[in-house]
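Right, one structure below, let's go through it.
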Amino acid sequence: MDNETAWRVRRVVLSTLFLLVVAVPLYPELFGLDEVTPLPQLVAFRPQLLAIVLVLALLMLLRRSWRLASALVVGLVLTGAALTAPRAISDPHPPEPGSRALTVMVANVLGGGADPEQVAKLIRTQRPDLVSLPEAQVDVRKRIEQELQGLGYNGYTVQANSAPESATSVLVSATLGKVEFTADTLDPGRVSAGLPSPEPQTGKPEPDQAGVIQQTTTRFGHIVVTGGTLGDLRLIAYHGYPPLPSEMAAWKQDLVVLRTWCASDLPTIVAGDFNATTDHADFRDALGRNCRSVGPAVGEGLQGTWPANRPAFVRTQIDHVVAGAGVEPSRFKTYQLDGTDHRAVIAAVAVRKPS
């Protein structure tokens, strides 16, 4: 083998290795590394990473010896862009005749940091049927309710421990009738039917202990709304555990619970801060065939919701309204709220008429 041939072989090998080095942080799930920190955290910003890598790859074309590696990386990025594009160009399907329109709002209030008046103003303007309020403790929910006097919203709160981020509240429009508030728990027979106390117990959530109710199957708790005029439909206010380096198992377990909801043929809408994006394989697996995140389904999948205090380019969509069986996505839009690092979400869906 002459020197030129050896150099060509070496260049192919090095270019292939470089491609793998670039591919691992972009698509760790392909290598079984999607639980290895910091890869799950980076994957949340995959569209932004693809754009950055594309620019760098194009700059590499200026060096002749790097062109093969650059071409391989550009091919990887273009493939990723093609897979991402439907989130930005999809159109909602027309609702079936007789479908029922519902509007759902999500607002992570950052433990009460968001301005209650501003949250209430958005509710008054949009008149959602359900409002999911991750990180809203009882006092925060009541302050928002006070701003909504006369509009007929009923509230409920679940909190797993004394930490504000473990609280999830929900507001439901009186137009849905007399609904019931429950939760999927690890010990269903011991769930308190009473309203939550504003003074939950302290300490981390444990399998057999929680603050205002018995520990739910999700780490931060969730609220299932049924009855009234909903028929078979269930509305779930949800706050998924974040993918912290030392708590990946808890993050994955909350998504497993989402998977059980989505696997059901029961008409379901799940709304809240999922702490996961469409680029997370665990989130996609949880959605399965029955569920769709409304944003990507209607071409708004690149509207970032967090961190709200950063430019739009560096935000990612972790706040979702998930439409399950029998529910058709219609509209998705985000709104700025002062005092929180999440943008509020307003989503419209159409619930198919039972056959």
Let me check something: do [X] and [Y] share a hydrophobic cluster, defined by ILVMFWY side-chain heavy atoms less than 4.5 Å apart, either directly or through other members?
X: Phe313; Y: Val55; value: no
X: Leu58; Y: Leu56; value: no
X: Leu78; Y: Met60; value: yes
X: Met105; Y: Val345; value: no
X: Leu148; Y: Ile346; value: yes

[X] and [Y]: which non-hydrogen atoms are nearest, and at how many Å?
X: Ser330; Y: Val294; answer: N-CG1, 4.5 Å
X: Pro242; Y: Phe220; answer: CD-CE1, 3.9 Å
X: Pro329; Y: Pro92; answer: O-CB, 3.7 Å
X: Pro296; Y: Thr278; answer: CG-OG1, 3.7 Å
X: Arg124; Y: Leu151; answer: CG-CD1, 3.3 Å
X: Pro28; Y: Arg46; answer: CD-NH2, 4.2 Å

Using a 3.5 Å distance criterion without hydrogens, assess whether the side chain of [X] forms a donor-acceptor pair with backbone atoms of [Y].
X: Arg310; Y: Pro307; result: no
X: Gln303; Y: Lys333; result: no
X: Ser99; Y: Pro95; result: no
X: Asp254; Y: Tyr241; result: yes
X: Tyr153; Y: Ile144; result: no
X: Asn290; Y: Ser264; result: yes
X: Thr340; Y: Gly113; result: no
X: Arg67; Y: Leu61; result: yes
X: Glu135; Y: Gly111; result: yes
X: Ser132; Y: Ala271; result: yes

Between [X] and [Y], does any side-chain N to carboxylate O distance fall below 4.0 Å?
X: Lys252; Y: Glu35; value: yes
X: Glu96; Y: Lys353; value: no
X: Glu328; Y: Arg292; value: yes

In Å, rounded to the nearest 0.5 Å, how long is the span from [atom1] of [X] to [atom2] of [Y]?
X: Thr168; Y: Gln137; atom1: OG1; atom2: CD; answer: 10.5 Å
X: Phe45; Y: Thr316; atom1: CZ; atom2: OG1; answer: 5.5 Å
X: Leu72; Y: Leu19; atom1: CG; atom2: CG; answer: 5.5 Å
X: Ser173; Y: Asn154; atom1: OG; atom2: CG; answer: 8.5 Å
X: Met248; Y: Asp282; atom1: CE; atom2: CG; answer: 7.0 Å
X: His280; Y: Glu29; atom1: NE2; atom2: CD; answer: 9.0 Å

Crowded around Asn309 CG? As in, over 12 foreign heavy atoms under 6.0 Å?
->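 Counting neighbours around CG of Asn309, more than 12 heavy atoms of other residues, nucleotides or ligands fall under 6.0 Å, so yes.
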Less than 3.5 Å apart, any donor N or O on the side chain of [X] or [Y] sitting next to an acceptor on the other?
X: Ser166; Y: Arg219; result: no
X: Arg343; Y: Thr334; result: yes
X: Thr268; Y: Arg234; result: yes
X: Tyr335; Y: Gln126; result: yes
X: Trp306; Y: Asp319; result: no
X: Ser293; Y: His320; result: yes
X: Thr157; Y: Arg141; result: yes

Qualifying residue for side-chain contact (heavy atoms from CB on, under 4.5 Å) with Val119, from Asp115, Leu122, Ile123 =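 Among the candidates, only Ile123 passes.
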For the pair His222 and Trp261, name the ring-plane relationship: parallel under 30°, tilted 30 to 60°, perpendicular over 60°.
->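 Because their plane-to-plane angle is over 60°, the rings of His222 and Trp261 count as perpendicular.
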List in chain and number order the residues that pass side chain to side chain donor-acceptor pair (under 3.5 Å) with Asp273, two or more places apart in sequence or in another chain; answer none if no residue qualifies.
->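 With neighbours one apart ignored, the set is Asn108, His239.
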Taking the side chain as every heavy atom from C-beta outward, state whether [X] and [Y] have any pair of such atoms under 4.5 Å apart.
X: Asp34; Y: Pro40; answer: no
X: Glu165; Y: Leu110; answer: no
X: Thr226; Y: Val224; answer: yes
X: Leu244; Y: Thr37; answer: no
X: Pro47; Y: Leu302; answer: yes
X: Val170; Y: Val131; answer: no
X: Ile318; Y: Phe274; answer: no
X: Val225; Y: Glu180; answer: no

Test log, rule side-chain contact (heavy atoms from CB on, under 4.5 Å), inputs Thr218 and Leu258 | CA-CA 9 Å; Thr218 52; Leu258 174 64; over 6 Å; no
Can you list the steps and then say if Leu26 with Leu50 is a side-chain contact (heavy atoms from CB on, under 4.5 Å)?
-> CA-CA 8 Å; Leu26 288 175; Leu50 287 172; 4.0 Å; yes
Tell me, with the steps shown, if Leu230 and Leu235 meet side-chain contact (heavy atoms from CB on, under 4.5 Å).
-> CA-CA 9 Å; Leu230 292 174; Leu235 307 175; 4.0 Å; yes
From the options Gln317, Arg284, Arg87, select the one residue that forms a side chain to side chain donor-acceptor pair (under 3.5 Å) with Asp279.
->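 Among Gln317, Arg284, Arg87, the one meeting side chain to side chain donor-acceptor pair (under 3.5 Å) with Asp279 is Arg87.
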Quick one: do Trp66 and Phe18 satisfy ring pair (Phe, Tyr, Trp, His ring centres under 6.0 Å)? Show the steps, please.
-> CA-CA 10 Å; Trp66 292 352; Phe18 182 73; 8.4 Å; no
Decide yes or no on side-chain contact (heavy atoms from CB on, under 4.5 Å) for Val104 and Asp129, but give the supporting numbers first.
-> CA-CA 6 Å; Val104 180; Asp129 299 283; 6.0 Å; no
